[in-house]
Amino acid sequence: MADTKREIERKYESDESGLPDLTGVAGVGTVIDKGVANLDAVYYDTADERLARASMTLRRRTGGSDAGWHLKVPVAPGVRDEIREPLSDAVPRSLAGLVRSRVREAELLPVVRLRSDRDVRHLVDADGALLAEVSVDAVHAERLSDGGGTAQWTEIEVELADDGDPAFLDKVEKRLRKAGVRPSSSASKLARALAETAPKKPKKRKVPPVYGEPVTAGDHVLAYVRDQRDAILELDPAVRQDAYDSVHRMRVATRRLRSTFRSYGKVLDRTVTDPVGEELKWLASELGVDRDREVMTERLTAVLAELPRTLVSGPVRTRMRTWANARRGGSRRRLIGVLDSKRYLALLDTLDALVAEPPLLPDAAGKPEKVIGKAVGKDFGKVSALVEEAIGAPPGPDRDLALHEARKKAKRTRYAAEAATPALGTSARALARSMKSLTGLLGEHQDSVMVRETLRELSAVAHAAGESSFTYGVLYGREEQRAAGVEAALPGVWEEIGSGEPV
């Protein structure tokens, strides 16, 4: 199992290549000299440096206290997660999987070797607790391809101790700046090595375009599309690691993309985007195998916890745990298989191509206020019709279906309004909020419908096993009351939402 460490650090450079006295930094009791470590790291990437473009680094390092394979994934400026595996000759499968959404079918190759003499200091407080590790690294870089250029430099790193206060880094930086030390112009050693060892006449390679401020309707829609494509790529490693909420967030990104293609069919050619939307629908359904069960499990656990003990008859909790855990391991393996599949990687390639060469229609060149406003208004009209239909339908399956359809259209309208917000401002933002509220209300109703179906299933299994089905009936009745409460509240909520202009 790979070990993950949150790394919060800052890098600096100095013409003097020295470390000033840090004993005067507020909170520092002692500066402890930990000696010099000799580090030797080989960095891996594709021939066209896809990991470097994504600000990810994959290396095999010897020397020091943490020798092994390290994958660094950006979290925020100055914050990265370092995922570690033991030393081996080849790239560990676990780390290769975590970069697959970036690498795709390309081969991982050794691209740069960095040898560093690291002079380490520990900044500790009056009680001896570690505050930060400061190192002066004398770096020698060697490119392992394209002519084998070399470079060398000295840099200062300040890494916050585990669970430390990031504000402490500001105090250290203040002292460093006063001594003439300045923040590094490179985000990482690898970035600097690649820049300084590049051949004089580098090969021409495709580089990501630089996007300016959105002007046209097409600019705004494409900015939103790019954001969702990027979200899928960035969440891929988290989903593979089963990080909290990662599956749900990736699923939402796929839905946002599909909704954008459908809502803005006058901007992006749907003969091109519809097939992409079908693949996104497939991905969302695969991501939902575990997610839907998680949602139902949370709901069932909550409603059971509300019951007095006198109303719990039989091994209900055990039966629910068994149901919740069923197929969990198998579905997890299936999801990893999906993310490793040629179909998924082809979808990522298709999204990249769509962003690079978007299938723009004439309306894409139009004014955002007109083109985008019209699209959002059209979506809102569909929601309005479905809500009115649901309110007018008699209680039962027909109303349940109408409310579910209204919820789906409200989600689509919310995403369209999100995409429109940079162009339309306050009105789009307000619509997105109101659609989120409506979606939440209708989602409560749909969850009740799904929970009741699950309770029928559990009741039947319990009855067949000779267990009491009384508690499942009690829970079913309570869920009916919840759904009835939503239905009773909907007309008032909708009157408030529908009384204003959509955009």
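Numbers for residues simply follow the sequence, beginning at 1.
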Presence of salt bridge, [Y] and [X], under 4.0 angstrom:
{"X": "R407", "Y": "E405", "result": "no"}
{"X": "D363", "Y": "K374", "result": "no"}
{"X": "E479", "Y": "R452", "result": "no"}

Residues which pass salt bridge (charged side-chain N to carboxylate O under 4.0 Å, His left out) with R10, listed by chain and number, not counting sequence neighbours: D170, E173
Audit row: E306, R482, salt bridge (Lys or Arg N to Asp or Glu O under 4.0 Å) steps and yes/no: CA-CA 13 Å; E306 294 173 357; R482 290 178 191 268; 2.6 Å; yes
Checking [X] side chain against [Y] main chain: does a donor-acceptor pair fall under 3.5 Å?
{"X": "T301", "Y": "E298", "answer": "no"}
{"X": "R399", "Y": "A393", "answer": "yes"}
{"X": "T439", "Y": "M435", "answer": "yes"}
{"X": "D45", "Y": "L51", "answer": "yes"}
{"X": "T57", "Y": "Y43", "answer": "no"}
{"X": "S246", "Y": "A243", "answer": "yes"}
{"X": "D125", "Y": "G128", "answer": "yes"}
{"X": "W69", "Y": "L95", "answer": "no"}
{"X": "T471", "Y": "S313", "answer": "yes"}
{"X": "R412", "Y": "S259", "answer": "no"}

Answer yes or no: is there a side-chain heavy-atom contact under 4.5 Å between [X] and [Y]?
{"X": "V73", "Y": "R80", "answer": "no"}
{"X": "T254", "Y": "W282", "answer": "no"}
{"X": "I232", "Y": "L347", "answer": "no"}
{"X": "K378", "Y": "T413", "answer": "no"}
{"X": "S101", "Y": "L348", "answer": "yes"}
{"X": "V267", "Y": "I372", "answer": "no"}
{"X": "D162", "Y": "L130", "answer": "no"}
{"X": "W323", "Y": "T454", "answer": "yes"}

Which heavy-atom pair separates [X] from [Y] by the least distance, and what is that distance?
{"X": "A284", "Y": "R251", "result": "O-NE, 3.3 Å"}
{"X": "R319", "Y": "A465", "result": "NH2-CB, 3.8 Å"}
{"X": "M56", "Y": "L98", "result": "CE-O, 4.2 Å"}
{"X": "L287", "Y": "L335", "result": "CD2-CD1, 3.7 Å"}
{"X": "P214", "Y": "D219", "result": "CA-CB, 3.5 Å"}
{"X": "E85", "Y": "P92", "result": "CB-CG, 3.8 Å"}

Over 12 non-hydrogen atoms of neighbours within 6.0 angstrom of NZ in K266: no
Over 12 non-hydrogen atoms of neighbours within 6.0 angstrom of NZ in K5: yes
Side chain to side chain donor-acceptor pair (under 3.5 Å) between T4 and D81, worked out: CA-CA 7 Å; T4 301; D81 278 343; over 6 Å; no
From [X] atom [atom1] to [Y] atom [atom2], the distance as rounded to the nearest 0.5 Å:
{"X": "Q228", "Y": "R258", "atom1": "CD", "atom2": "CZ", "answer": "14.0 Å"}
{"X": "Y264", "Y": "T273", "atom1": "OH", "atom2": "OG1", "answer": "13.5 Å"}
{"X": "R53", "Y": "D48", "atom1": "CZ", "atom2": "CG", "answer": "5.0 Å"}
{"X": "R6", "Y": "L160", "atom1": "CZ", "atom2": "CG", "answer": "12.0 Å"}
{"X": "L283", "Y": "E278", "atom1": "CG", "atom2": "CD", "answer": "13.0 Å"}
{"X": "Y44", "Y": "L190", "atom1": "OH", "atom2": "CG", "answer": "13.5 Å"}

Test salt bridge (Lys or Arg N to Asp or Glu O under 4.0 Å) applied to K281 and E286, step by step: CA-CA 9 Å; K281 182 179 180 181; E286 294 290 353; over 6 Å; no
Side chain to side chain donor-acceptor pair (under 3.5 Å) evaluation trace for E107 with T46: CA-CA 6 Å; E107 184 181 3; T46 61; over 6 Å; no
Test side-chain hydrogen bond (donor to acceptor under 3.5 Å, both in side chains) applied to H70 and E7, R84, R59, the passing residue: R59
Working for side chain to side chain donor-acceptor pair (under 3.5 Å), residues R456 and Y476: CA-CA 8 Å; R456 280 196 293 267; Y476 191 98; 2.6 Å; yes
CA sep, side-chain torsions, deciding dist, call: R104, D349, side chain to side chain contact (heavy atoms under 4.5 Å, CB included): CA-CA 8 Å; R104 316 280 166 85; D349 285 340; 2.5 Å; yes
Intermediate values then yes/no, side chain to side chain contact (heavy atoms under 4.5 Å, CB included), M450 and R299: CA-CA 10 Å; M450 299 301 295; R299 178 78 171 231; over 6 Å; no
side-chain hydrogen bond (donor to acceptor under 3.5 Å, both in side chains) partners of residues 336-345, not counting sequence neighbours, each pair once: R100-D340, D236-Y344, R240-D340, E279-R343
Side chain to side chain contact (heavy atoms under 4.5 Å, CB included) assessment of L222 paired with L268: CA-CA 9 Å; L222 285 174; L268 297 173; 4.1 Å; yes
Pair L403-V387, side chain to side chain contact (heavy atoms under 4.5 Å, CB included): steps then yes or no: CA-CA 7 Å; L403 288 172; V387 171; over 6 Å; no
